[in-house]
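First up is the structure itself, then whatever we jot down about it.
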Amino acid sequence: MRKAAMVLAWLAGLCILGIGIWLLVAQPSIEKDWLGVWVEEMEIGSPFDMGGAATITGIVALVFAGLTFVGALLIPTRFAVAGVLIVVLDMLACLGVAMSPDPKLGVIVWAIPGLMMGFVGFLLGMELQRVQEPEGIAELE
Amino acid sequence: MTDGSATAVGLKRVKMRMITAVAVMFTLTCSGSFGMEDIIGSSGPGLTMVMLLVLPFLWALPMALTSAELGSALPEEGGFYRWVRRALGEFWGFQAGWWWQLSLYVDTAVYVALTLDYMAGWFDMPGWVRWLIGFGIILIFAYINIRGIDITGWVLTAIQVIVIVPFVTLIILGFAKAQVSPLSPFIAEGETFFGAMGLGLAVAMWMYSGYESMSTLAGEIERPQHVIPRALLINMGIVIPFYVLTTAAGYMAVGEWSSWSTEGGEGAIDFIEAGRAVGGGAVAGMLIAALVAGNLGLFTGYLATGSRPAYVLSKDKLFFRWFGKEHPKYGTPYRSILFMALLNSVLIIGSFSFLIVIDVFLLMFAYMTILTAMIVLRVKEPNLERRFRIPLPTWALIAWFVPFFGIAILALFTNGWAYFVGGCVGVLSGPAAYLIFKSRYHGVELPDTLLVSKDAAGTLPLPTPAAEEV
């Protein structure tokens, strides 16, 4: 399971790297109406515009990619830490997608790396169950 | 033989009468028909009736019967967490417990908030007074919970009398003064069949949920493998006609399907207005009392059941140790109850509706793991003693569960993309939490015996002489 998780983590990192490069190069028009859909659906917060959003999110994506690669490198030796890192990155990215001007498009863009990172978390959790020695027996009477 | 005294596990086991168990189950799965108004207004009355009659067989009954079978086989404190753990291992057991627990932490606060919102409609009160009243309500019912589930059960029984009597009155008067057919119009005008169904389906699913909840209390009830499955099945026989008859009677008396809504406002019709139409201020007043009591009942009931997974996870060394302590006198997981109560008192301060985003997701994933565990245990442990066994072969169960899974997956997409992604965040917290807590506390090994409190004589609950077909 660790090997599978590692492969998925590397692939996810590459996807995120691709997303980051695309954002920086293609500069999609995503400045306006951040939190717009969030406010409409959840009735909390205020929409705002973010100048240079494509550049900012592109840089964030590159950072995320780097951290995902770090997580992938950690899997052989500290896989629990790696798993938490990768899943937390996924959660943060999901929050970013939810706040974006077009969450539907964000889901489409993030679907593959997001799913891979999620699977990494589940695989490493099952791996930890397998290798971690329990501490004693439950007190039953 | 059983004096309800605390055992070495620390939890006090109490005798619970069937009527109390049914009242607790009715609280967890119904507690009044409030909410149905939104289905009428969005789907149309005819389709509402069809959904209320059909959906239980696709949605409620699978979970209820699963809980009955597994509850009779593995009547352990923590309930469904234990079933999933036994079937699928510690990791997936943790996921089921974690997701369900998380959703309940938010859910229970909603019931207090609804009560406060209603009171705010009668009295002008500043925010701090509203919060103080809410805090007081939370403290009172937390204290009742800490005192014990026997006392909690009695309180819930009394609450449900306050809930049921007004609705029975509405049923009688509503049918007597019926003006329109409950099937007309069949679907909301201007909507397609599937469009109309989709609008009301999420609410209908919600109304028919909760059948797994009482399982978490199994370790604190004497003969849980007898009491809980029977209470489940009796309750199903009550809830379905209750929902159908109250909704039909209320609508038939008033009509104006498009005005039905829980939102209130000018011209909006809800059960209280329907009660006013058929019985004047007296019936309306009774239904208002039912609304308030129903929400308080839901809060109390889910504070009881919803606090147990954190306690059991802590006992299994998969959560903070602080949660795993029993009250020295009352034998209840008081710290877990207190934490949930205090969290709720924070959540009622502002608008936390964005947190409800994760509710549906977490519950749907928890439900799917529970039903998966059911099938896996049928295959892995066919000879596990099941005092109640669903009279269907496993292949038929799988076929029957397919629509349930379909509905659960559909529910993930019914609220919009921001909700969808927010829900994913909630689900992902499960594996992250497991990695953290398992690394920190390591978990425990569970022997293949029941984690059930013994009676004062030191014996496990006796099995019933023969398998019971309820």
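Values reported hereafter were calculated over all heavy atoms of this structure, with side chains retained and with hydrogens, waters and symmetry mates removed. Remember, it's a predicted structure, so these values are computed and weren't measured experimentally. Convention: sequence-line order gives letters A, B, ...; per-chain numbering from 1.
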### Query
Taking the six-membered ring for Trp, are the ring centroids of Y419(B) and F413(B) within less than 6.0 Å of each other?
no
### Message
One thing to verify: whether E220(B) and R13(B) come together as a salt bridge, which I'm taking to mean a side-chain N less than 4.0 angstrom from a carboxylate O.
### Response
no
### Message
Do the side chains of R130(A) and E90(B) get close enough for a salt bridge, i.e. N-O under 4.0 angstrom?
### Response
no
### Query
Given that the side chain runs from C-beta out, which part of V84(A) has a heavy atom under 4.5 Å from chain B: side chain, backbone, both or neither?
both
### Query
When the ring planes of F437(B) and F94(B) are compared, do they come out parallel, tilted or perpendicular, using 30° and 60° as the limits?
tilted
### Message
If I measure from the heavy atoms of chain A, does K438(B) come under 4.5 Å with its side chain, its backbone, both, or neither?
### Response
both
### Which atoms of E133(A) approach chain B - backbone, side chain, both or neither, heavy atom under 4.5 Å
backbone
